Amino acid sequence: MHIAIAGNIGAGKTTLAAKLAQHFNWDVHLESVEDNPYLKDFYNDMPRWAFHLQVYFLNSRFNQTQQIQKRTRGVIQDRTIYEDAHIFAKNLRSSEMLSERDYENYFKLYESMITMVQPPDLLIYLKADLPKLISQIEKRNRDYESGIRLDYLKKLNEHYDEWIANYKHGKVITIDVNNLDFVARPEDLGKIINRINIELFGLF
Ligand SMILES: Nc1ncnc2c1ncn2[C@@H]1O[C@H](COP(=O)(O)OP(=O)(O)O)[C@@H](O)[C@H]1O
Ligand SMILES: Nc1ncnc2c1ncn2[C@H]1C[C@H](O)[C@@H](COP(=O)(O)O)O1
């Protein structure tokens, strides 16, 4: 079984991934953040580093999906390769931070890779409004994320809404996390687990 968790920066993907992995006794596959060689530079100068960062994330996420496809146990994946291309790269292009030729070059590479990617059995989309995202990014307190602009998060949320409305790779659950606290309230985590059990195993 392969569950992937999608959502904007700070929505709670990593936190939920850890909780679900513990509950189901499955493995968790996180994204490359602390060891990412471009992320800090990207936040300092997005147009300069956009292409480098996107190629790095694309390759890293592709390798992760190849590992997931060889799995012998259930797995929870923190963010999908679809989001790199359809949310982040697309947003950088529409904001003119990625040139047309770099975007086309990137997207052709993505299209070649995606033919080898199996979608998750279930995608969980964590939907959060800006105040929730901002407060959770602040709570996490990564220095290089302190300058993330509201406008950047807002545009990413718009791309997420469009992408999720057109997602055709399989089952999806959208969870509005604005008023949920699956860290402090076990009953909130329980509600999410119930929805997964219904969707994946037909259990009530
Ligand atoms: N539902 C939640 N309730 C309370 N705190 C949360 C919740 N989700 C995430 N957090 C906190 O918000 C911060 C960002 O969460 P994180 O899981 O790293 O988000 P993401 O992986 O989506 O970027 C962390 O400090 C985390 O503990
Ligand atoms: N494809 C991406 N392009 C730009 N930035 C990205 C991409 N994937 C992840 N990121 C950034 C956003 C955050 O600063 C970190 C970690 O993501 P998070 O949503 O907090 O797990 O990487």
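Keep in mind it's a predicted model, so treat the numbers as computed, not measured. Atoms within each ligand, like the ligands themselves, are counted from 1 in listed order.
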Has Glu83 got a side-chain atom pairing as donor or acceptor with Gly7's backbone, closer than 3.5 angstrom?
yes

Atom 21 (O) of ligand 1: of Thr14, Ile5, Val177, the nearest heavy atom sits on Thr14

| query | Should the pair Asp188-Lys191 be classified as a salt bridge under the 4.0 Å nitrogen-to-oxygen rule? | reply | yes

Going by the 4.0 angstrom heavy-atom rule, the piece of Asp188 near ligand 1 is neither

When distances are taken from atom 4 (C) of ligand 1, the protein heavy atom at minimum range is Asp181 OD1, 3.2 Å

Heavy-atom closest pair (Asp102 atom, Phe51 atom, distance to 0.1 Å) is O-CE1, 3.5 Å

Worksheet item: For Arg61, is the nearest heavy atom under 4.0 Å from an atom of ligand 2?
Response: yes

Here the atoms of ligand 1 under 4.0 Å from any heavy atom belonging to Leu180 are 1 (N)

Contact region, Ile148 to ligand 2, non-hydrogen atoms below 4.0 Å, reads neither

contact_flag Gly7 ligand 1 heavy-atom lt 4.0 Å:
no

heavy-atom search around atom 18 (O) of ligand 1 in the protein gives Arg140 NH1, 3.0 Å

The answer for which part of Glu34 has a heavy atom under 4.0 Å from ligand 2 is neither

So for Glu145 against ligand 2, with non-hydrogen atoms under 4.0 Å, the contacting part is side chain

- prompt: Ile9 to ligand 1: N or O pair under 3.5 Å?
  reply: no

| said: Asp78 versus ligand 1: do any nitrogen or oxygen atoms come within less than 3.5 Å of each other? | reply: no

heavy-atom search around atom 11 (C) of ligand 1 in the protein gives Lys139 CD, 3.9 Å

min-distance protein heavy atom vs atom 19 (O) of ligand 1 -> Gly12 N, 3.1 Å

Q.
Using a 3.5 Å cut-off on N or O atoms only, is Gly10 in polar contact with ligand 1?
A. yes

closest protein heavy atom to atom 27 (O) of ligand 1 is Thr15 OG1, 3.8 Å

| task | Please check if the distance between the ring centroids of His86 and Tyr110 is under 6.0 Å. | result | yes

So the atoms of ligand 2 within less than 4.0 Å of a heavy atom of Ile9 turn out to be 12 (C), 13 (C), 19 (O), 20 (O)

A student comparing Phe42, Tyr38, Tyr43 should find that the heavy atom closest to atom 11 (C) of ligand 2 comes from Tyr43

Among non-hydrogen protein atoms, atom 9 (C) of ligand 1 lies closest to Gln136 NE2, 3.2 Å

the protein heavy atom lying closest to atom 6 (C) of ligand 2 turns out to be Phe57 CE1, 3.4 Å

- Report yes if Lys13 has an N/O atom closer than 3.5 Å to an N/O atom of ligand 2; otherwise report no. yes

| Looking at ligand 1, does any of its N/O atoms fall within less than 3.5 Å of an N/O of Lys132? | no

